[in-house]
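These values consider heavy atoms only, across backbone and side chains, with no hydrogens, waters or symmetry-generated copies. A, B, ... follow the sequence lines: proteins, then strands. Residue 1 opens every chain. The structure displayed is predicted, hence computed values, not measured ones.
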Amino acid sequence: MPKSRVISITNTAALIAAGAILTACGGGGGGSTATPPTSVSPPTPPTSQGPTWTQGVFEPASTFKDQCAAPRSGVDIEGNSFPDQQGTLLEELFWLRSWTDETYLWNDEVTDRDPAGFSDRLSYFAVLKTDAVEASGEDRDDFHFSQSTEAFLAARNSVGNPGFGASLAVLQGSRPRDIRVAYTEPNSPASRPVGGVVPFPRGTRILEIDGADVVNGFTTQAEIDQLNTILFSPASIGETYAFRVQDTDGTIRTVNLTTEDISRKPVLTTSVINTATGNVGYIMFNTFSPFSSEEEIILAMQTMQSAGVSDLVLDMRYNGGGLLAVASQVAYMIAGPSRTSGAAFEQLVFNAGAGNVNPVTGARNDPIPFYNEVLGFDSGSSLSTGASLPALNLNRVFILSTGRTCSASEAVINGLRGVDVEVVLIGNTTCGKPYGFYPQDNCGETYYTIQFQGTNNKGFGAYADGFVPSNSTANFGVRISGCQVGDDLNNPLGSTAEGLLAAALNYRTSNSCPAVSSKTVSTFVGNKIADPLELSPEAEAREFFLRNNRDMSMPE
Amino acid sequence: MIKKLSSLVAIISFGACQHHAQPLPAVLSDGSEETLNLLKSEMAAALDRSRVQFGAGDLTQSPVFVIVPPPLGPNETRSTAIPERYRLEIQGQTCFAVHEKSDARIELQNTPCRAL
């Protein structure tokens, strides 16, 4: 705590004491009291100037919860009353300290520092984490951050966000920049044909925006910020820009696009590929986050079941995760009832002090099962809550991956391996996030601190360096069967000519991988997520793919 | 919420002793927006939330309904959020929402229902 803060509290205490004296003496003047006081007890001096720090001793976090230096009043945008009470910055810091001790996964690796030595809550929160590193040299905790609760609530209550509906791949963020279209949302400005031409097919390279050179221009930090805003987080709908682009065949053209409210579609493509050795299903599954993801993936699996597929290629190369419950349903629908009955999809592991209790919710820490029924996330769903899920009963599955394959997507991989379904990984090393958290508001700031690790039915969850295809040259990560293949932006997703899908189909019949070329590998290998969660929620929501691949910082 | 539900169990269990009729599966008397809003309002109050959102289901056909969790924030990539499932019951003339996991019973004073 800074000296000024101590003085402030001391002065407050002195004022209270002075007030107490005046009150006890009948006021400071005026003389309206007819009877003079006959005896006055001396005021009791304040016994406390706020919480005091004793190393290794933690009061319950509830002691300090909602005791705010600047309490909010009224209700939030969801209509809930703010719980804040007048408190102090010191109490906010003590809450962070106790909450970390109670719920942080690696609480025994946090150095206990006196909150009084910190002048703001964010700098104190920043040190309430482990400094340990993984075998790869990466920080063990890459996911420690916070944001304003106002921004958090706004983001989770927004139906869509302004954008063009294109997810971009930054192959090179510094000049000469190479920015391509990875995929587009259906019926969005980027995908809706204009004059019979799709504005942004996969692989399209962006050359200019409103005449400004994207490849070699945008040189000052202000210009770079402007470029990022236009491409990844336009401020509003109705903004029109002229894009000069280059198609994969070299054609250069100009297209005008206007931002609209964009919502992400969980299942982008579904198809059944007829082969001489049986039908192969293909599902491009991009997010577990919207509640509609439950219905969309179930309907896709029903299509696979109806087609009698003997193998499934689940394309999660851009799937950053979301609902574990839907991940569990996906795993069930792949594996079927015989492998999953009575088994855990994922067991949450909390810090040692939690015992068998979830320290965040207070509930018993039961494993997450393989859900075999509709859970009813989507009010507009055509599916009945409690209806049985389709099951493909496969003993292996092909999963297409990149460094964007993260969290709940990795839970599918790990959960299936826990019940002995072979996962064949085609693409690149996954992001390596076996961890999760419950966002927690206190005094207007929402904090994210790692609180649990997910383990599978065999108790395994140590994949912080990601899952790695077996022929990868990577030195770290959990090696599983499959092929290292660079993302292929020159072919449409779902095309059997597209590099990852082609490699999966080839592996299926030959058990062999395509040769690893340095060019194809360079796109994503080594591009492990530095910290996808440090980006602003706006950028996160609007462009989840680019965030890990862009580097448009100023040169040194 | 769990504590709140536990309290409700205790309170309502006492009240339930005074009913002689067996609880029966029930559905909403009608599917109007007004009736649905009554149920939402009573559930929100019981759960100490400003509002609740129902998941998939037709409460005029099936007694089972779910209350969905708040939507995910963009950084929640591994969320344990899950819908909470309830069923409608009628005991005598009184309708209840029963939390399936805990069997906590919430008396619905304003929401009309009928035996299935």
Side-chain angles (χ1 to χ4, degrees), chain A residues 75-76 78-81 143 145 147 152-153 155-157 288-291 295 320-325 327 348 358 361-363 368 371 374-386 406-411 433-439 446 448 452 454 532-533 537-538 540-541 544, chain B residues 1-7 25 27-28 31 33 36-37 39-41 43-45 47-88 97-102 104 116:
Chain A
V75 297
D76 64 26
E78 295 180 347
N80 295 304
S81 298
F143 308 101
F145 64 103
Q147 64 181 135
F152 168 71
L153 292 177
R156 83 173 183 183
N157 285 285
F288 294 88
S289 289
F291 289 166
E295 181 185 28
L323 292 162
L324 272 178
L348 307 187
N358 180 324
T361 66
I368 297 170
Y371 290 114
V374 176
L375 296 171
F377 274 103
D378 188 357
S379 59
S381 173
S382 59
L383 306 169
S384 299
T385 300
C406 204
S407 212
S409 294
E410 292 175 298
K433 184 173 179 282
Y435 310 119
F437 41 59
Y438 297 78
T446 292
Y448 301 78
F452 63 84
L533 307 169
E538 291 80 11
E540 179 86 12
F544 65 97
Chain B
M1 187 183 83
I2 289 168
K3 283 181 184 169
K4 181 124 185 157
L5 285 172
S6 300
S7 306
V27 294
L28 290 182
E33 196 70 21
L36 271 177
N37 286 338
L39 179 58
K40 284 182 181 177
S41 173
M43 293 303 295
L47 299 174
D48 201 18
R49 285 163 61 173
S50 63
R51 64 188 183 205
V52 295
Q53 190 73 37
F54 292 158
D58 181 353
L59 271 167
T60 63
Q61 300 294 319
S62 164
V64 175
F65 67 102
V66 297
I67 294 179
V68 298
L72 300 192
N75 297 318
E76 294 180 80
T77 61
R78 195 185 200 91
S79 170
T80 59
I82 190 167
E84 291 292 329
R85 191 182 301 193
Y86 294 82
R87 64 177 184 275
L88 282 179
V98 182
H99 185 233
E100 291 207 334
K101 198 182 289 182
S102 66
L116 183 62

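Here the CG-CD distance, from Leu323(A) to Glu76(B), works out to 9.0 Å after rounding to the nearest 0.5 Å. Rounded to the nearest 0.5 angstrom, Thr77(B) OG1 and Tyr435(A) OH are separated by 13.0 Å.
Arg85(B) and Val374(A) get closest at one heavy-atom pair: NH2-O, 3.9 Å. For the residue pair Leu72(B) and Arg156(A), the shortest heavy atom distance occurs at O-CB, 3.5 Å. Between Val66(B) and Gly376(A), the shortest heavy-atom contact is CG2-O, 3.3 Å. Taking both residues in full, the closest heavy atoms of Asn75(B) and Phe145(A) are given as ND2-CE1, 3.4 Å, listed atom of the first, atom of the second, then distance. Contact record, Phe54(B) with Ser379(A): O-CB, 3.1 Å, taken as the closest heavy-atom pair.
Using a 4.5 Å cut-off between heavy atoms, Asp378(A) contacts chain B through its backbone alone, with no side-chain atom that close. With a 4.5 Å cut-off on non-hydrogen atoms, Tyr448(A) touches chain B through its side chain but not through its backbone. Both the backbone and the side chain of Ser289(A) come within less than 4.5 Å of a heavy atom in chain B. For chain B, the nearby part of Leu383(A) is the backbone; its heavy atoms alone come within less than 4.5 Å.
Proximity of a side-chain donor or acceptor of Arg78(B) to a complementary backbone N or O of Gly454(A) within less than 3.5 Å is not detected. Panel note: side chain Ser50(B), backbone Glu78(A); a donor-acceptor pair is recorded below 3.5 Å.
Counting heavy-atom pairs under 4.5 Å between each of Gly79(A), Gly436(A), Ala325(A), Gly322(A) and chain B puts Gly322(A) at the top. Residue with the most contacts toward chain B among Phe291(A), Tyr371(A), Phe288(A), Phe452(A): Phe291(A) (heavy-atom pairs, distance under 4.5 Å). Taking Ser384(A), Ser407(A), Gly321(A), Ala411(A) one by one and counting their heavy-atom pairs under 4.5 Å with chain B, the maximum is reached by Ser407(A).
In this structure, the side chains of Tyr438(A) and Thr80(B) come closer than 4.5 Å at one or more pairs of heavy atoms.
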